[in-house]
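Let me begin by presenting the structure, written as C-alpha cells, before commenting on it.
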2 protein chains.
Amino acid sequence: MVTENTAPNGADPAGAPARPQRRLRVDAQRNIDSLLQAAKTAFGTSGVDAPAKEIADLAGVGVGTLYRHFPQRSDLVKAVFQREVDACADAASALSAAHEPGVALEKWLHRYTEFLATKRGLAAALHSGDPAFDALPGYFMSRFGPALGSLLDAAAAAGEVRADIPAKDVLYAVAHLCMPGADEGPAFSMRMVALLIDGLRHGAGTRDS
Amino acid sequence: MVTENTAPNGADPAGAPARPQRRLRVDAQRNIDSLLQAAKTAFGTSGVDAPAKEIADLAGVGVGTLYRHFPQRSDLVKAVFQREVDACADAASALSAAHEPGVALEKWLHRYTEFLATKRGLAAALHSGDPAFDALPGYFMSRFGPALGSLLDAAAAAGEVRADIPAKDVLYAVAHLCMPGADEGPAFSMRMVALLIDGLRHGAGTRDS
DNA sequence: AACTATACGGAAAGTCGTTCCGGAACACAA
DNA sequence: TTGTGTTCCGGAACGACTTTCCGTATAGTT
C-alpha cells in the first residue's frame, strides 16, 4: 500500500488499460519502454524464459529497474503481449483509413499472421496454467474481434467478401494455420486455407464446392 | 560411449519400447519406478516444473539418482508421458475382454478423459517448441489410434455405434473438450459434445439434425 | 539554487538445476 | 558363504538465475 505499484498499468488486462494514477517520471517511462522493447526482442531470440539480466542489459538498465516496474515475471510477459496485441489491433483502423476495404483486410491479415509468428513461445506460456495469464485470451479476443470485425464489415459492404463469416472464425482459422504443431494435421490446415482463400475473398454471394 | 545410458528405454518414443540392452540391477529398476511414480504425482501437484529435489524426495532417493536415470528433464517428462499413454492404451484391451463392446467403449472414453485431465500441464510443455517432445504426439496417436479403433470396430460390429467415425476424430474431439482454455470457446465444445453423444452412440445407421 | 520524492544500479542473498565422486549395494562365481 | 568386479546411490558442491535491498543519482518543484 505504501509504495503503490506504478507499473505500466494497474488495470486488469481484460478491461480498458486505465491511465496510471500518478504521472511517471520521464526517465521511468523511458525505461519501461526500453524494457518492453528489449523483452520483446529477448523473448523472440531466447524464448519467454530469457534471463532477466539479458533483458535488462538489452534495455540498458539494471535488473533492479526491471523488477521495479515488473515485480513478477508474468507482469512483463503480460505487458509485452498486450502491447503487441494493441499495436496489431490498432493497425486495423490505420489500414482501414489508408486503403480500400478489401486491401485493408488483406494487409491486416498479413499483419496478424506476423503477430502470431512471434508468439510461438508465448502461446505455451499462456496455456501453462499460470492464473496470471487467464485474462489474456479474453483480451486477445476483445481487441482483435472488433478490429477484424470492422474490416470484415467494410469489405462486405463494398461487396468484396461474403458477409456470413464471423470475425472469430477467421481469427481462429489463421491462428491454427500458424500453429504447425501436431494438433490437427495438414488436413485441418487445408480446410482452413480453403475457407480463407475460397470462402472469404471470392464468393461474395456465390460459392461452389 | 563408455557408460552406456541404461535409462528405462533407449528406443525412440515413436517406436516400440525396446527392452534395455543390459538388464538393470533390481534396485535401479525399483528406483526408476519410484521416480516415475513420484514424477507423475509431482507433475500433478506442482506442474511439470516441479523441483527435482521434490521429485527425488517423494521417490525416496537422492537427486543424483534422478539425474543418473534421466539426464535431461525432458527425459523424465517423456518417460512419464509414455508410461501413462501405455497404461491408458493397454486398458482398452483389458476393458474389451471384460465388458460388452458398448460398455467397454464407454468405460475407455472415461478412462481417456481422466488421462487428459492429468495432462493439463504436460500439454503446455509438449507444445513449448522443445524438439525433445516432437515425437510424443506421434506416439500418442500410434497408441491411442489403434486402441480406440478396435473398441470402435467391436462396438460397431455389435451395432451399438455407427461405423463412420474415425478414431482420430473422437480422440481429438474429447481432447478439445477437456481443454477449457480460451481456444475455441463453448460453441466448439458443444459441437464436439453433439458429435459424441448424438453421433457416436445412437444413430447406428440413422441420424437426425 | 535548494529540496524532496522518485527512480536507478548493481551487489548480495536465496533458490533451483546439475555435476561429481567416495562409498554402499548388487550380481556372479567359486 | 565368501570374494571380487561392476553398477548404483546419496548428497555435498558448484554455477546459473531470480529477487531483494539500499546507497546514490536524477527529475520535478519552490
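Here the structure is a predicted model, which is why all the values come from computation and not from measurement. Sequence lines set the chain letters: A, B, ... in the order given, protein chains first and strands last, and positions in each chain run from 1.
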What is the distance from [atom1] of [X] to [atom2] of [N], rounded to the nearest Å?
| X | N | atom1 | atom2 | result |
| --- | --- | --- | --- | --- |
| B:Asp75 | C:dT18 | CG | P | 11 Å |
| A:Leu35 | C:dA7 | CG | P | 14 Å |
| A:Leu66 | D:dT20 | CG | C1' | 13 Å |
| A:Ile55 | D:dT19 | CD1 | P | 11 Å |
| A:Glu54 | D:dT18 | CD | C1' | 14 Å |
| B:Phe70 | D:dC8 | CZ | P | 13 Å |
| B:Tyr67 | D:dC9 | OH | P | 16 Å |
| B:Lys53 | C:dT19 | NZ | P | 18 Å |

Measure from the side-chain heavy atoms of B:Ala28 and tell me the nearest of C:dA11, D:dC9, C:dG17.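 From the listed options, D:dC9 comes nearest.
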
Is any side-chain heavy atom of [X] less than 4.5 Å from a side-chain heavy atom of [Y]?
| X | Y | answer |
| --- | --- | --- |
| A:Val63 | A:Ile55 | no |
| A:Leu122 | A:Leu136 | no |
| B:Tyr139 | B:Phe144 | no |
| A:Phe70 | A:Val80 | no |

Just by protein heavy atoms under 4.0 Å, how would nucleotides 22-30 of chain C read 5' to 3' in B, S and -? ---BSS---

On the nucleotide [N], are OP1 or OP2 found under 4.0 Å from the side-chain N or O atoms that [X] carries?
| X | N | value |
| --- | --- | --- |
| A:Thr65 | C:dG9 | yes |
| B:Asn31 | D:dC8 | no |
| A:His69 | C:dA7 | no |

For A:Val61, answer base if it contacts any base atom (sugar-phosphate contacts may also be present), sugar-phosphate if it contacts only those atoms, and nothing otherwise; contact means non-hydrogen atoms under 4.0 Å.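 A:Val61: backbone/sugar contact only, no base atoms under 4.0 Å.
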
In Å and rounded to the nearest 0.5 Å, what is the CD to CG distance from A:Gln82 to A:Asp86?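 Interatomic distance, A:Gln82 CD to A:Asp86 CG, rounded to 0.5 Å: 7.0 Å.
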
